[in-house]
Amino acid sequence: MCLADGGNNITCLDIDEDKIAMLKKGESPIYEPGLTELLQKNKKHLHFTTDYPSALKDADVVFIAVGTPSGENGEANLTYVKSAAKSIGKHMTGDLVVVNRSTVPVGTGHEVEKIIQAETSYKISMISCPEFLREGCAIYDFMNPDRVVIGADAKHEKAVELLKDIYKGVNKNDAPFVVSDLRSAEMIKYASNSFLATQISYINDLAQLCQDVDVDITEVARGMKLDKRIGKHAFLSAGLGYGGSCFPKDVQALIALGKKIGSHLPLLEQVESVNESLVEIAFGKIKKLLDARDVKLENAKVAILGLSFKPNTDDIRDSQSVKLIGRLLRAGVSAINVVDPIVHWEKEVKRGSLLPKRLLDDKTSLGKITQMNGGDALEAVKLACKDADILILATEWNNFMNLQFEDLKKIMRNPCFADLRNAYSKKEVESYGFRVENMGRK
Ligand code: UDX
């Protein structure tokens, strides 16, 4: 959509017919703020198809933007990338610049080049141009990149220039191009994502220590970020940790690559284990709150705010909130009321593919989960809190940033609040008569 908005004529191909049918009707298959508007604004430059020959006819550049989910041992699953490469090789109608956008292990670009070249006598110029978009603000990030990374072997300088021209039309802030070799570009993506994940596990590790020495982790983060070498945009918000379709898989893929070639990455192994431990730590805080009110887990009625892995997305892939729900159900809680401004729980249960198998297979537990949808989020929160023994903030949607604790205390069976994203001052919520636990904030 952004490339079309920059004046290019774009054909989008996907093998999922339902997705293409929706796009043809001007509807977006995913929730991403501003995407539908961009789709409708640029419909003259946008074509949608499931057919490779018509997609590739007279194309100058083809972008591979398919998924690279985690495989069994954490390695990136390249099935879709390789299948797209083979189809491109089969159906291209002339020399072609092939740009890989998907996050792929170092060396994949050369593999893709070989797969395509085996299918055609036309010449291809292989480029790696990884994306750095955050869900929920993907359009802004695309239009205002910090940098555009372009990786290609030296002989493809013409193709690099073509890609730079394409991006100049979109790049609102005239961000710098980082032109490097193919493999370095692929590694820049993994290195960036795993570094961001490292920051998150670092602050979460420190948060547990700060809690034990009566220090507020949000104050510590505030003081750190003013150091230009750390930076005001650093990922230093302590809480329930990272989820989503990128950080978990990219950290695992780098660890797997290290193991495969025998040069382990012990720091990243710790980043992953710190993040995984946060659900259990959060569960311990929830149990502590319930114990203090003599509520047994098997009788506990829980209200959880936020299912998505972060605010402003409908994506529940590797969501820490969903993992916590699974942990609470395994502990035998009697009921869980969930509120999320965008995620439809029933639809996700029907789809199945994005939820943990262990949770999906346990039908009795699934029956304990009810999504509350009031007129607005705060109405839904009230419905969820009725006779509840604990309120848990798991994803810090703006909709949950103005909770009316005075009202909630009147309708809850026990006034307990687990602020797992450190969104509220503990003292302030306690002043309404709540017992509060959080992830290192005073
Ligand atoms: C990330 C990268 O930011 C992006 O550059 C890359 O292209 C894709 O992966 P995304 O996964 O969409 O983007 O979300 P992001 O905003 O990075 O948050 C990732 C996870 O980290 C979320 O679960 C979020 O809750 C968590 N997070 C983020 C923290 O726990 N603390 C922080 O300080 C920041």
Side-chain angles (χ1 to χ4, degrees), residues 2 30-33 35 65 67-70 76 101-104 128-142 144-149 175 185-186 188-207 217-218 220-222 224-225 230-254 271-272 274-279 281-282 305-324 340 343 393-398 400 419-423 438-441:
C2 296
I30 57 167
Y31 173 83
E32 180 62 49
L35 197 60
T68 54
S70 281
R101 286 286 282 177
S102 302
T103 305
V104 292
S128 163
C129 179
E131 53 86 9
F132 298 95
L133 314 182
R134 293 165 296 168
E135 291 190 21
C137 39
I139 293 172
Y140 176 83
D141 285 349
F142 195 109
N144 305 276
D146 292 337
R147 74 305 200 187
V148 179
V149 172
E186 290 166 337
I188 289 170
K189 172 66 186 175
Y190 273 112
S192 302
N193 262 11
S194 57
F195 181 68
L196 291 165
T198 300
Q199 291 179 11
I200 295 168
S201 283
Y202 170 79
I203 202 72
N204 281 319
D205 215 13
L206 196 64
I217 193 63
T218 53
V220 172
R222 190 162 67 91
M224 289 172 69
K225 286 174 157 184
I230 298 174
K232 62 185 179 199
H233 298 298
F235 270 16
L236 294 175
S237 301
L240 197 47
Y242 62 80
S245 62
C246 296
F247 284 179
K249 85 173 167 66
D250 292 353
V251 169
Q252 284 162 22
L254 261 188
V271 164
E272 188 179 44
V274 164
N275 196 61
E276 281 170 356
S277 70
L278 293 168
V279 169
I281 289 170
L305 308 185
L307 289 166
S308 54
F309 81 94
K310 64 179 261 195
N312 303 316
T313 178
D314 61 349
D315 197 342
I316 60 165
R317 283 175 289 183
D318 256 330
S319 161
Q320 295 284 76
S321 168
V322 170
K323 287 180 191 162
L324 178 63
D340 189 289
V343 173
L393 176 65
T395 308
E396 69 284 19
W397 281 88
N398 269 342
F400 304 139
D419 181 6
L420 303 181
R421 291 290 178 179
N422 289 341
N438 59 31
M439 305 298 269
R441 181 176 174 178

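Index from 1, following the sequence. Remember, it's 1-based here, ligands and their atoms both numbered in the order they're listed.
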(message) I need the I188 CD1 to R147 CZ distance, nearest 0.5 Å.
(response) 7.5 Å

(message) With rounding to the nearest 0.5 angstrom, report the NZ to CZ distance, K310 to F247.
(response) 8.5 Å

(message) Run the ring pair (Phe, Tyr, Trp, His ring centres under 6.0 Å) test against F309 and tell me which residues pass, sequence neighbours left out.
(response) none

(request) Tell me, please, which residues at least two apart from R421 pass salt bridge (charged side-chain N to carboxylate O under 4.0 Å, His left out). (result) E396

(request) Sequence neighbours left out, what passes side-chain contact (heavy atoms from CB on, under 4.5 Å) with S237? Give chain and number order. (result) none

(message) Quiz question: by atom type and distance under 3.5 Å, do the side chains of Q320 and K323 form a donor-acceptor pair?
(response) yes

(request) Could you pull out every protein residue that has a heavy atom closer than 4.0 Å to ligand 1, ordered by chain and then number? (result) E131, F132, L133, R134, E135, K189, N193, I200, F235, L236, S237, G241, Y242, G243, C246, F247, F309, K310, R421

